[in-house]
Number of protein chains: 2
Amino acid sequence: MKTLKIPQATVLRLSLYSRFLEQVAEKGVVTVSSVEIADGVGVNPAQVRKDLAYFGEFGTRGVGYNVKELSQHIRKILGLHQVWPVVLIGAGKLGSALALYEGFQKRSFRIVGVFDNDPEKIGKKLGHLEILPLDRLAEVVEEEGSQIGIIAVPADAAQQVAERLVGVGIKAILNFSPCVLNVGEEVIVQNVDFSVNLEALTFNLQMRRTVQFR
Amino acid sequence: MKTLKIPQATVLRLSLYSRFLEQVAEKGVVTVSSVEIADGVGVNPAQVRKDLAYFGEFGTRGVGYNVKELSQHIRKILGLHQVWPVVLIGAGKLGSALALYEGFQKRSFRIVGVFDNDPEKIGKKLGHLEILPLDRLAEVVEEEGSQIGIIAVPADAAQQVAERLVGVGIKAILNFSPCVLNVGEEVIVQNVDFSVNLEALTFNLQMRRTVQFR
DNA sequence: GACTGTGAAGCCATTCACAGCT
DNA sequence: AGCTGTGAATGGCTTCACAGTC
């Protein structure tokens with residue numbers, strides 16, 4: 001077992017496996033095979049086995065994988081054995097929805113600060129959190145030890161916010177704004193871009209209309 | 001120039017090119033090179049040229065691409081020369097944020113119906129749209145000719161909603177719920193999954209702490 | 001017999017490098 | 001000289017196929 005050079009695609013799938021395993025664990029299932037996991041998340045069984053094999057030998061030949069055990073392993077691989085304090089920039093409609101989303105804590109994330117630059121919003125509450133002005137960002141990041149920031153501001157402010165986040169020591173950004181952020185190599189960015197995904201749908205719909213498939 | 005077998009990755013990038021071109025068009029720029037586009041969206045210039053070459057020869061050697069012209073071409077390739085009527089299921093926090101998001105119309109999408117099964121919400125307004133019960137779905141889809149549905153409901157309802165959408169003739173689904181949908185081959189699904197993306201961040205943060213990079 | 005772990009093969013996507021046009 | 005379009009080379013990811021284990 002050696003680490004280093006894990007395909008990005010593998011990491012994304014681990015997340016899916018993890019959720020699937022927690023689902024079946026709730027139903028009381030004790031053992032699963034790679035075929036069951038594969039069916040559950042819509043991939044090839046060999047893929048599942050290969051993905052897991054990057055990190056060790058978790059299964060038993062002839063039997064399969066112990067659900068609880070594998071679930072724990074994957075959570076640890078993904079770093080979810082600890083709680084991650086996250087700062088959220090942008091308290092608009094999307095930002096508010098994210099701030100109030102209960103699903104984060106189930107996956108081991110905790111929003112520790114919500115920031116906005118609109119004086120109208122500052123001081124208001126989102127759940128148990130008060131919306132703070134951006135000047136308080138550095139302070140909160142330091143206090144809480146946040147390494148992750150979520151950007152939920154309009155496109156024209158996103159780059160500026162990104163730089164600010166990097167400036168206060170944030171190491172990873174989840175970007176919901178519809179633009180490409182320009183940050184140093186050392187900062188990890190993941191984009192959640194609905195338009196891009198919607199447009200993949202329209203492209204394919206159009207294709208099917210003009211070209212004959214299978 | 002032949003169609004068929006366009007890499008999925010190419011389609012996603014086209015969306016980025018499209019947005020980038022509209023940005024620079026607003027600034028009055030007339031011509032761009034593949035290098036400028038590449039820098040703008042963070043990819044390799046050869047990639048840009050290859051992506052575009054799947055669909056024709058849009059550039060002029062020695063000069064570059066005409067911004068307006070290329071922008072139009074790409075919009076057409078993505079199917080954005082027409083307006084797409086979209087139905088949205090789920091009027092919770094996320095659904096509401098999506099219903100009120102102004103960015104969709106800039107990209108040629110129009111939300112034509114918002115649905116929920118919570119009697120508390122039905123009848124309330126989201127912008128100019130009234131929240132409707134799910135029984136009205138078939139009617140709206142038919143009237144508006146929607147082919148695209150957005151799922152913004154909790155995980156435990158998502159599969160059921162997906163089947164309902166397929167049942168009324170929806171051909172493509174943008175899924176915001178944290179689960180893998182099981183629908184027929186003929187339905188196109190794109191998942192927007194924040195947890196998966198967040199967990200890619202934690203994985204990488206953890207990696208960097210334990211393993212030495214470059 | 002059932003299922004994992006894994007080398008090898010196959011497939012797809014990205015990047016290089018250069019001919020060809022302006 | 002500058003830049004596109006593209007075959008060839010490379011790199012990465014997925015799937016196959018089977019030896020190994022229970």
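Quick note on labels: first sequence line is chain A, next is B, and so on, each numbered from 1.
- Each of L137(A), V87(A), V86(A) was evaluated against S146(A); a single residue qualifies, V87(A), per the side chain to side chain contact (heavy atoms under 4.5 Å, CB included) test.
- Remark: P of dT4(D) and CG of D51(B) are 14 Å apart, rounded to the nearest angstrom.
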Show me the donor-acceptor pairs within less than 3.5 Å that the side chains of residues 88-103 of chain B make with the rest of the protein, sequence neighbours left out.
| from | atom 1 | to | atom 2 | distance (Å) |
| --- | --- | --- | --- | --- |
| S96(B) | OG | A91(B) | O | 3.3 |
| S96(B) | OG | G92(B) | O | 2.6 |

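- Taking 4.0 angstrom as the limit, N44(B) places a side-chain polar atom (N or O) nearer than this to OP1 or OP2 of dC16(C).
- Counting only distance, with no hydrogens or angles, the side chain of Q206(A) and the backbone of I77(B) share a donor-acceptor pair below 3.5 Å.
- Legend: residues meeting side chain to side chain donor-acceptor pair (under 3.5 Å) with D193(A), ordered by chain and number and at least two apart, are R19(B).
- For dG5(C), the OP1/OP2 oxygens have a side-chain nitrogen or oxygen of Y65(A) closer than 4.0 Å.
- The ring pair (Phe, Tyr, Trp, His ring centres under 6.0 Å) test with H73(A) singles out one residue from F58(A), Y54(A), F55(A), and that residue is F58(A).
- Each salt bridge (Lys or Arg N to Asp or Glu O under 4.0 Å) pair with one or both residues in residues 30-56 of chain A, not counting sequence neighbours, appears once here: R13(A)-D51(A).
- Interface residues of residues 31-39 of chain A facing DNA chain D, ordered by number: none; criterion, heavy-atom separation under 4.0 Å.
- As a whole-Å value, the separation of F55(B) CZ from dT6(D) P is 14 Å.
- If you check residues 13-22 of chain A against DNA chain C, you find no residue with a heavy atom closer than 4.0 Å.
- In this structure, Q8(B) places its CD atom 16 Å from C1' of dC11(C), rounding to the nearest Å.
- Sorted pairs that involve residues 55-71 of chain B and meet salt bridge (Lys or Arg N to Asp or Glu O under 4.0 Å), not counting sequence neighbours, are lacking altogether.
- Nearest-nucleotide mapping onto DNA chain C: of A46(B) and G59(A), the residue sitting toward the 5' end is G59(A).
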With a 3.5 Å cut-off and sequence neighbours excluded, list the donor-acceptor pairs that the side chains of residues 160-167 of chain A form with protein atoms.
| from | atom 1 | to | atom 2 | distance (Å) |
| --- | --- | --- | --- | --- |
| E163(A) | OE2 | Q159(A) | NE2 | 2.7 |

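- Applying the salt bridge (Lys or Arg N to Asp or Glu O under 4.0 Å) test to residues at least two apart or on different chains, the pairs with a partner in residues 140-151 of chain B are R110(B)-E144(B).
- Evaluation of the ring pair (Phe, Tyr, Trp, His ring centres under 6.0 Å) test over residues 5-27 of chain B, restricted to residues two or more places apart or in two chains, returns none.
- A donor-acceptor contact under 3.5 Å links the side chain of K50(A) to the base of dG7(C).
- Evaluation of the salt bridge (charged side-chain N to carboxylate O under 4.0 Å, His left out) rule for R107(A) yields E22(A), E199(B) as partners, not counting sequence neighbours.
- In this entry the distance linking CD of Q47(B) with P of dG5(D) reads 15 Å, nearest Å.
- In this structure, the CG atom of L52(B) is 13 Å from the C1' atom of dC3(D), given to the nearest Å.
- Separating the CG atom of L12(B) from the P atom of dA13(C) is a distance of 11 Å, rounded to the nearest angstrom.
- Residue A53(B) places its side chain closer to dG5(D) than to any other of dA17(C), dC13(D), dG5(D).
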Identify the pairs formed between an N or O of the protein and an N or O of nucleotides 18-22 of chain C at a distance under 3.5 Å, and give each distance.
| from | atom 1 | to | atom 2 | distance (Å) |
| --- | --- | --- | --- | --- |
| dG20(C) | N3 | R61(B) | NH1 | 3.4 |
| dT22(C) | O4' | R61(B) | O | 3.0 |

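- Distance CD (E69(A)) to C1' (dT4(C)): 14 Å, rounded to an integer number of Å.
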Show me the donor-acceptor pairs within less than 3.5 Å that the side chains of residues 173-181 of chain B make with the rest of the protein, sequence neighbours left out.
| from | atom 1 | to | atom 2 | distance (Å) |
| --- | --- | --- | --- | --- |
| N175(B) | OD1 | S177(B) | N | 2.9 |
| N175(B) | OD1 | S177(B) | OG | 2.8 |
| N175(B) | ND2 | S177(B) | O | 3.3 |
| N175(B) | ND2 | C179(B) | O | 3.0 |
| N175(B) | ND2 | N191(B) | OD1 | 2.8 |

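- When the P atom of dG12(D) is taken as reference, atom NZ of K5(A) falls 7 Å away, rounded to whole Å.
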